[in-house]
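These values consider heavy atoms only, across backbone and side chains, with no hydrogens, waters or symmetry-generated copies. Naming: A, B, ... by sequence-line order, numbering from 1 per chain. All of these numbers come straight from a predicted model, not from anything done at the bench.
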There are 2 protein chains.
Amino acid sequence: MIGRLNHVAIAVPDLAAAAALYAGPLGADVSAPEALPEHGVTVVFVRLPNTKIELLAPLGADSPIAGFLAKNPAGGIHHLCFEVDDILAARDRLVAEGARVLGSGEPKTGAHGLPVLFLHPKDFNGTLIEIEQAR
Amino acid sequence: MIGRLNHVAIAVPDLAAAAALYAGPLGADVSAPEALPEHGVTVVFVRLPNTKIELLAPLGADSPIAGFLAKNPAGGIHHLCFEVDDILAARDRLVAEGARVLGSGEPKTGAHGLPVLFLHPKDFNGTLIEIEQAR
């Protein structure tokens with residue numbers, strides 16, 4: 001069911017410093033910061049040949065990554081995003097097999113403008129998983 | 001400098017249960033477990049179209065992931081592995097830019113039989129980074 005690894009999201013307290021690490025010592029192709037106020041984050045894309053890393057910093061008062069950064073002040077890997085062909089079919093399969101979908105269970109429009117859902121990290125070895133209908 | 005994301009490593013307390021999650025609810029292509037006693041882990045490869053997830057469980061008394069699982073008993077994302085063309089050139093660039101390489105600084109033979117180094121997570125926003133000379 002799951003297809004490509006769309007991205008690895010890393011929450012960071014200082015986006016400019018984190019982008020400089022990936023552009024400098026790691027020598028990656030790094031985008032300009034992009035504010036996504038409706039998602040409560042500012043993102044920098046680290047473009048790799050086969051996938052991307054998304055560096056996320058909180059934006060606004062209700063950022064979904066604020067709690068994570070309170071627990072991990074230096075930052076850390078926040079979630080993995082896998083592509084699926086049909087997000088409703090994916091959700092139904094996951095729920096039928098006992099996995100918990102966060103929120104209402106209805107897909108929301110994610111940061112890429114595509115339907116997404118998040119799965120409960122307690123059901124997946126402490127890993128927060130996003131699924132995105134990529135087409 | 002960094003190239004492809006070679007893999008995302010997830011430490012898990014129960015490898016069979018974790019493999020069943022990726023094969024079942026997530027419907028991925030999952031390998032048989034492979035014991036790597038010289039690396040202190042047993043690994044299951046979750047093969048995605050563009051990269052792979054490596055599920056790691058401790059093997060033996062001195063597993064390098066034992067401490068992580070003591071702190072995160074349910075498991076969690078352990079490290080990211082990026083490919084580089086020349087591991088010594090990569091190391092020298094990283095060190096020159098102030099990043100710390102773990103251990104002696106000399107590459108070791110990693111789980112894929114290729115030279116690897118690990119970078120200090122405190123220098124990369126709480127993310128443990130492995131670099132692997134992929135060819």
Side-chain angles (χ1 to χ4, degrees), chain A residues 1-8 10-15 17-18 20-29 46 48-53 55-57 68-69 72-80 82-84 89-90 93-99 119 121-129 131, chain B residues 1-8 10-15 17-18 20-29 46 48-53 55-57 68-69 72-80 82-84 89-90 93-99 119 121-129 131:
Chain A
M1 184 177 77
I2 56 170
R4 297 175 72 258
L5 176 70
N6 185 274
H7 63 268
V8 178
I10 300 178
V12 303
D14 180 334
L15 195 56
L21 279 173
Y22 280 81
L26 290 169
D29 175 16
V46 180
L48 303 177
N50 60 332
T51 188
K52 58 186 182 293
I53 309 292
L55 304 174
L56 307 177
F68 181 89
L69 282 169
N72 305 278
I77 301 174
H78 185 263
H79 68 262
L80 302 182
F82 298 118
E83 298 178 2
V84 296
R93 173 178 177 152
L94 284 154
V95 170
E97 301 220 28
L119 311 180
K122 287 197 178 165
D123 294 340
F124 292 95
N125 293 116
T127 303
L128 178 60
I129 292 177
I131 55 172
Chain B
M1 184 178 75
I2 56 171
R4 297 176 72 257
L5 176 71
N6 185 274
H7 63 267
V8 179
I10 301 178
V12 303
D14 179 335
L15 194 57
L21 279 172
Y22 279 82
L26 289 169
D29 175 17
V46 179
L48 303 177
N50 59 332
T51 188
K52 57 187 182 294
I53 309 293
L55 304 173
L56 306 177
F68 181 89
L69 283 169
N72 304 277
I77 301 173
H78 186 264
H79 68 263
L80 303 181
F82 298 118
E83 298 177 2
V84 296
R93 174 178 176 152
L94 284 155
V95 170
E97 301 221 28
L119 310 181
K122 287 195 178 167
D123 294 340
F124 293 95
N125 292 117
T127 303
L128 178 60
I129 292 177
I131 56 173

So, the part of Leu128(B) with a heavy atom under 4.5 Å from chain A: the answer is neither

So, the part of Asn50(B) with a heavy atom under 4.5 Å from chain A: the answer is both

Ranked by heavy-atom pairs below 4.5 Å to chain A, first place among Ala74(B), Pro121(B), Ala96(B) goes to Ala74(B)

Tell me which of these, [options], has more heavy-atom pairs under 4.5 Å with chain B than the rest.
| options | result |
| --- | --- |
| Asp14(A), Asn72(A), Leu80(A) | Leu80(A) |
| Ala18(A), Gly24(A), Ala99(A) | Gly24(A) |
| Ile10(A), Leu48(A), Val8(A) | Leu48(A) |
| Ala28(A), Gly126(A), Gly3(A), Ala90(A) | Gly3(A) |

If only atom types and distance count, is the side chain of Thr51(A) paired as donor or acceptor with the main-chain N or O of Leu5(A) below 3.5 Å? yes

Shortest non-hydrogen separation from [X] to [Y] and the atoms involved:
| X | Y | value |
| --- | --- | --- |
| Asp123(A) | Leu21(B) | O-CD1, 3.2 Å |
| Phe68(A) | Ile77(A) | CZ-O, 3.5 Å |
| Pro25(B) | Ala20(B) | CD-O, 3.6 Å |
| Ala57(B) | Leu15(B) | CB-CB, 3.9 Å |
| Pro13(A) | Asn125(B) | CD-ND2, 3.7 Å |

Part of [X] within contact of chain B (heavy atom distance under 4.5 Å):
| X | result |
| --- | --- |
| Leu26(A) | both |
| Asp29(A) | neither |
| Leu55(A) | neither |
| Ala23(A) | backbone |

(Q) Taking the side chain as everything from C-beta on, heavy atoms only, tell me whether Phe82(B) gets closer than 4.5 Å to Leu119(B). (A) no

One should read off an interatomic distance between Glu83(A) CD and Arg4(A) CZ, to the nearest 0.5 angstrom, of 4.5 Å

